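Residue numbers begin at 1 in each chain, while the letters A, B, ... track the order of the sequences. The structure presented is a predicted model; accordingly, all values stated were derived computationally and were not measured.
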There are 2 protein chains.
Amino acid sequence: MTVSITDVARAAGVSASTVSRALRGRPGVSEEVRAQIAAVAAQLGYIASRSASSLASGRTYTIGVVAPYIGRWFFGTVLDAAEQVFSAAGYDVLLYNLGSPDARKRFFTSLPVRKRVDAVLSLLIPDPAETAALRSLGVPLAGTVGGARDGFTVVGIDDRAGAESAVRHLVNLGHRRIGMISGASGPLQWTTPIDRRQAYLDVLAEAGIEHDPALEADGGYTVEGGERAMTALLATSRPPTAVFAQSDEMAMGAMRALRRHRLTVPDDVSVVGFDDHELAEVVGLTTVSQPVAGQGAEAARLLLRQLDEPDAERPADKVRMPIRLVLRETTAPPNPRGPQ
Amino acid sequence: MTVSITDVARAAGVSASTVSRALRGRPGVSEEVRAQIAAVAAQLGYIASRSASSLASGRTYTIGVVAPYIGRWFFGTVLDAAEQVFSAAGYDVLLYNLGSPDARKRFFTSLPVRKRVDAVLSLLIPDPAETAALRSLGVPLAGTVGGARDGFTVVGIDDRAGAESAVRHLVNLGHRRIGMISGASGPLQWTTPIDRRQAYLDVLAEAGIEHDPALEADGGYTVEGGERAMTALLATSRPPTAVFAQSDEMAMGAMRALRRHRLTVPDDVSVVGFDDHELAEVVGLTTVSQPVAGQGAEAARLLLRQLDEPDAERPADKVRMPIRLVLRETTAPPNPRGPQ
DNA sequence: AAACTGAACGCAAACGCTTGCGCAACAACG
DNA sequence: CGTTGTTGCGCAAGCGTTTGCGTTCAGTTT
């Protein structure tokens, strides 16, 4: 049916071993024979069977990527960038979309990547048991987003610094009542919400502003959650004049809530987000920009490097990408008349 | 190192063949032996090698998914849904992100999925040569989005009907100067822009409105393109009082352009989009909603069905998902004073 | 009681490649 | 002109499964 390596060997008048070596650029084949084999292979349309070659060699030329919600902008963008790097290097990517808890459980118990991948890139934070499962694969591991894990090369950003710049911006504009829309950390050691919150507290303290727990609300990192959180903040006795949302999605939800309350941004309330979502510019959202695609690409590159030089020293187990506060139209000095 | 099928066989006191049959639920194994083997396998942590089993059986239990920009909301969402269906059915997915032309060329020339997948789902429209390449794989094929292709099971929506409902809505509101922001079809037989445009023309004609070519602008299906297109429309001698954007991204770009021109939506200009992007609700965009995730899931299901019953008659080569006009806040009757 | 069933299981041959090793052939050396 | 290297290539043994076929054995049939 399909042409196999022995077909090529026969047609080229050599042995299968020579074809194998020739096509993969291994030494032990003269240049002329190599060229001849390449020509024959091309003419026959020969493509090596991956299963056979990985069975024989142990190498799969495949990377496993596990990610939570790939439909969401952040993860989709990271995945997109990582995939480009992998495929440019000749690797295929096996995608595991672990958004739902049972998909996640299914993955970690049956571990379908075993013996199928040369490395895995994780876009989610595995818990200790999951980490152990991944490590048991015996392949290089890398991840994006915060949360240091043993055996992982992780690339992320300085969440503290980013959040500090956002909150400090609000302080510098003269705001004193600054709310925060955060996301619970949940059961996992996903440190981002914690770090961003700490930065918020630090900046308030450094500005001599007393922290008011009533100004914090949980937005669960979704648009709807952000809307609910903002609504809750507006219902307090003294609503904030500015809010720092830990993600752009939540910021957009907050803006929606404000609009529903007939409040204008930034005249009544300033809003600053985090991420620099592709649509942040569209809605004029001031936010702290992080290189999302950049993180995916960088993590992918680091993984490939580990594959190329397995015993090379790993200089940085944790690389931090730059962040930058992007000023747009949703922040302004507090309105002297106060909200509404 | 890792435990193989012979290890399990030895531990269970049976042959490897029996282990293989037992674990895969094949007949020819008594229930007690099967249970015993299952227990031993679980206890040893045995997981069959995919490469070996697919080499031997020809089955890979893997689906290839080729998609253009997986970072974009639409494709990310489709992919997300499809992946869930596949993985729930025990299939892995090999992802090929073919956004850039050379990634695309690379894919279709080296065809890395050959002998690696049991089926392929295409989220892009392959040109004739690419279609031939895919067909040469000899596996079931399915695709989303319009464009009928031989050998493909395709699921999509009725673009004409959707666009008609959007434009008709504007007409019913009383608009007579209705612009359209479209996207060029490009070299591929991507019929969506064509269909949506035809619907626009049809509705205008049916309403007795003369078509003005100056009211059409190309937005390339991106936010920036939509902004440029709207800017161009506003620069004409008689700007439209309403615009139909062929995608929500372009609609958002248009809204941004309008805001920059200090025009308000919908008082000065009405805007209606297409897709029901996850953020359409956030910006209050009136749009025609299509089941994006639904299309991905449905295409995946149809593919699995073909895999299960290879020679079943395929009742519908082309399935159409329902659409629905969602009224929000960006459309209103024309302002009697006219724009600006 | 002989012959015939299935059912349950083992044997061994694929599947298509990779790779350590061996063996020519030939060049370069003392 | 023997020796020692190189270089280029073929042999054959895997890699871990699946599966067609053969064997055994308990349980029907005549």
Side-chain angles (χ1 to χ4, degrees), chain A residues 1-38 40-41 44-62 90 92 111-118 138, chain B residues 1-38 40-41 44-62 90 92 111-118 138:
Chain A
M1 196 62 210
T2 55
V3 20
S4 80
I5 198 172
T6 54
D7 298 327
V8 177
R10 197 172 316 120
V14 296
S15 74
S17 353
T18 302
V19 174
S20 174
R21 282 187 273 255
L23 260 25
R24 290 177 310 132
R26 287 285 138 101
V29 182
S30 69
E31 269 321 309
E32 44 185 344
V33 170
R34 188 186 302 274
Q36 217 261 322
I37 290 176
V40 171
L44 260 48
Y46 169 71
I47 295 178
S49 153
R50 290 273 199 156
S51 343
S53 94
S54 71
L55 175 59
S57 70
R59 294 275 281 166
T60 65
Y61 285 97
T62 301
D92 287 338
L111 225 46
V113 291
R114 166 159 278 160
K115 286 267 149 203
R116 282 204 84 181
V117 299
D118 292 341
Chain B
M1 197 62 210
T2 54
V3 19
S4 79
I5 199 173
T6 55
D7 299 327
V8 177
R10 196 172 317 121
V14 295
S15 74
S17 352
T18 302
V19 174
S20 174
R21 284 188 270 256
L23 261 23
R24 290 178 310 132
R26 288 285 138 102
V29 182
S30 69
E31 269 320 310
E32 43 185 344
V33 171
R34 188 187 301 275
Q36 216 259 322
I37 289 176
V40 171
L44 260 46
Y46 168 71
I47 295 178
S49 154
R50 289 272 197 154
S51 338
S53 90
S54 70
L55 175 59
S57 69
R59 293 276 284 165
T60 65
Y61 285 97
T62 301
D92 288 338
L111 226 45
V113 290
R114 165 160 277 160
K115 287 264 144 205
R116 283 205 84 180
V117 299
D118 292 342

Measure CZ/Arg50(B) against C1'/dC15(C) and give the value in whole Å, please.
17 Å
Write down the protein N/O and nucleotide N/O pairs, taken from nucleotides 23-25 of chain C, whose separation is under 3.5 Å; answer none if there are no such pairs.
none

Side-chain donor/acceptor of Arg34(A) to backbone N/O of Arg26(A), under 3.5 Å:
yes
Separation of Tyr61(A) atom OH from dG16(C) atom P, in whole Å?
21 Å
Name the residue from Ser54(B), Ser49(B), Ser51(B) that meets the side-chain contact (heavy atoms from CB on, under 4.5 Å) definition with Ser54(A).
Ser51(B)
Working to the nearest 0.5 Å, report the span between CG of Leu23(B) and CD1 of Ile47(B).
11.0 Å
Length of the CD1-P vector between Ile37(A) and dC17(C), whole Å:
13 Å
Give the rounded distance in Å between these two atoms: CD of Glu31(B) and P of dC9(C).
10 Å
From CZ of Arg59(A) across to P of dG14(D) the rounded distance in Å is 23 Å
Measure from CG on Asp7(A) to P on dC15(C) and round the result to the nearest Å.
11 Å
Decide yes or no on side-chain contact (heavy atoms from CB on, under 4.5 Å) for Gln36(B) and Val14(B), but give the supporting numbers first.
CA-CA 10 Å; Gln36(B) 216 259 322; Val14(B) 295; 5.7 Å; no
Over all heavy atoms of both residues, which pair between Val29(B) and Ala22(B) is shortest? Give the atoms and the distance, please.
CG2-N, 3.9 Å
Would Arg50(B) and Thr62(B) count as a side chain to side chain donor-acceptor pair (under 3.5 Å) if you check the C-alpha gap in whole Å, the side-chain angles of each, and the deciding distance to 0.1 Å?
CA-CA 10 Å; Arg50(B) 289 272 197 154; Thr62(B) 301; 4.5 Å; no
Taking all heavy atoms of Val19(B) and all of Ala9(B), pick out the closest pair and write down the distance.
CG2-CA, 3.6 Å
Rounding to an integer number of Å, can you tell me how far Arg114(B) CZ sits from dC17(C) P?
12 Å
Set out, line by line, the N/O atom pairs under 3.5 Å between protein and nucleotides 16-18 of chain D.
from, atom 1, to, atom 2, distance (Å)
dG16(D), N2, Ala52(B), O, 3.4
dT17(D), OP1, Tyr46(B), OH, 3.0
dT17(D), OP1, Ser49(B), N, 3.3
dT17(D), OP2, Ile5(B), N, 2.6
dT17(D), O5', Tyr46(B), OH, 3.0
dT18(D), OP1, Arg24(B), NE, 3.4
dT18(D), OP2, Ser20(B), OG, 2.3

Output the distance between atom OH (Tyr61(A)) and atom CG (Asp92(A)), rounded to the nearest 0.5 Å.
12.0 Å
